[in-house]
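These numbers were taken from a predicted model, which means no experiment stands behind them.
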Amino acid sequence: MHHKPVLLVIAHGSRDPRHAATVHALVRRVRSLRPGLRVETGFLDFNVPSVHGVLESLAAEGVRDVVALPLLLTRAFHAKADIPAVLREAPSRLRIRQADVLGPSPLLLHALERRLYEAGLTPAEKSSTGVVLASAGSTDPEAIAVIADIAREWRHTGWCAVRPAFASASLPRTEDAVRDLRAAGCARVAVAPYVLAPGFLPDRIARGAVGADVLAEVLGPAPEVARVVLDRYDQARLPALAALGA
């Protein structure tokens, strides 16, 4: 089994203990879906082990191949700058491939929907419910555009309306999007945090959702998220096969 590259999940890290706990729960879910795969977790900040520390340990053990997977929903600053910089400092004997970020993916839309239904919405209410797709926000225009695209795509699956909102760096805020959906005539309004783990910005989303009827949990260790992690690992591990559409 050792010929498979080790999967290193790279999480942002947070002072909020719920963040690391959620990351570890997701990684346990990934391991349970693929028992033969070695999965390690490293944090960019605030939590241990650090990404650098994990890479040093793997190299010392004699591991050669690593797929580094950013636990991020959009290709914003961390995926483009921070993470490649950390990987460049890795021990030279490691062959590291950086996998793609998790989003966008149809599986993540399934996970968002799962969280809404777990929060009390019913499938029968879908067509009369407006949803706020609430993301952390980014200064990166590409990341913002992707969230708007996801909202449009999700709207086509049968919601009354879907509006993007952002907890930082860009507008509208969650509370503004909730108000807009009420004004648009949706019978009920739900807020779906497009966020992987709890923390400062998800708490801000929750505060902005006070005027909504339903607030879903963060995506966290949803089974669909774990499946996307493995899909991204496979695409990075087998780029030639992926190119053939296998």
Side-chain angles (χ1 to χ4, degrees), residues 14 16 18-19 21-23 25-26 29 71-74 76 101-138 141 143-228:
S14 169
D16 188 321
R18 295 172 301 168
H19 172 87
T22 303
V23 170
L26 174 59
R29 171 90 67 165
L71 205 56
L72 297 167
L73 293 170
T74 54
V101 296
L102 301 182
S105 161
L107 282 168
L108 295 176
L109 289 181
H110 288 300
L112 286 167
E113 214 145 298
R114 166 198 293 276
R115 291 294 186 236
L116 284 169
Y117 295 145
E118 287 169 353
L121 206 63
T122 67
E125 294 170 322
K126 186 171 179 176
S127 62
S128 54
T129 300
V131 181
V132 179
L133 178 70
S135 122
S138 173
I144 297 303
V146 166
I147 299 296
D149 286 345
I150 293 168
R152 268 195 298 277
E153 186 184 330
W154 202 21
R155 158 78 183 82
H156 292 313
T157 67
W159 296 102
C160 170
V162 180
R163 297 280 160 84
F166 305 94
S168 70
S170 29
L171 295 170
R173 295 276 176 262
T174 304
E175 50 271 39
D176 303 327
V178 168
R179 228 180 357 258
D180 285 353
L181 288 167
R182 288 256 181 254
C186 298
R188 70 193 62 70
V189 176
V191 174
Y194 189 56
V195 178
L196 284 169
F200 173 70
L201 293 173
D203 284 350
R204 187 183 280 176
I205 289 170
R207 285 195 299 276
V210 289
D213 303 293
V214 174
L215 168 63
E217 287 289 327
V218 298
L219 294 170
E224 296 87 351
V225 178
R227 282 174 55 201
V228 178

Roughly how far, to the nearest 0.5 Å, is [atom2] of [Y] from [atom1] of [X]?
| X | Y | atom1 | atom2 | value |
| --- | --- | --- | --- | --- |
| Y194 | I150 | OH | CD1 | 3.5 Å |
| H110 | T157 | NE2 | OG1 | 9.0 Å |
| I144 | S135 | CD1 | OG | 6.0 Å |
| L196 | L108 | CG | CG | 8.0 Å |
| L102 | L107 | CG | CG | 10.5 Å |
| S138 | L73 | OG | CG | 11.5 Å |

Quick check: do [X] and [Y] have side-chain heavy atoms less than 4.5 Å from each other?
| X | Y | value |
| --- | --- | --- |
| H19 | P198 | no |
| R29 | P223 | yes |
| P193 | L201 | no |
| V101 | T74 | no |
| R182 | V189 | yes |
| P123 | Y117 | yes |
| P104 | D149 | no |
| K126 | E113 | yes |

State, to 0.1 Å, how close [X] and [Y] come at their nearest heavy-atom pair, and which atoms those are.
| X | Y | answer |
| --- | --- | --- |
| A190 | L116 | CB-CD2, 3.7 Å |
| A216 | A119 | CA-CB, 3.9 Å |
| L26 | A226 | CD1-N, 3.8 Å |
| P202 | V218 | CB-CG1, 4.1 Å |
| P164 | A148 | CG-CA, 4.2 Å |
| I205 | A167 | CG1-CB, 3.8 Å |

query: Do the side-chain N and O atoms of R204 and S168 include a donor-acceptor pair separated by under 3.5 angstrom?
result: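 No, because no side-chain N or O of R204 sits under 3.5 Å from a partner of the opposite role on S168.
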Electrostatic pair R115-E118, nearest N-O below 4.0 angstrom: yes
- prompt: Salt-bridged, R173 to D176, with N to O below 4.0 Å?
  reply: no
message: Going by side chain to side chain contact (heavy atoms under 4.5 Å, CB included), L112 matches just one of V131, V162, L133. Which one?
response: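 Option passing the side chain to side chain contact (heavy atoms under 4.5 Å, CB included) with L112: L133.
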query: Where do E125 and T122 land on the side chain to side chain donor-acceptor pair (under 3.5 Å) test, with the steps shown first?
result: CA-CA 5 Å; E125 294 170 322; T122 67; 3.3 Å; yes
- request: Take V195 and L219 through the test side chain to side chain contact (heavy atoms under 4.5 Å, CB included) and record every step on the way to the result.
  value: CA-CA 6 Å; V195 178; L219 294 170; over 6 Å; no
Exam field: side chain T22 to backbone R18, donor-acceptor pair closer than 3.5 Å: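 It does hold such a pair.
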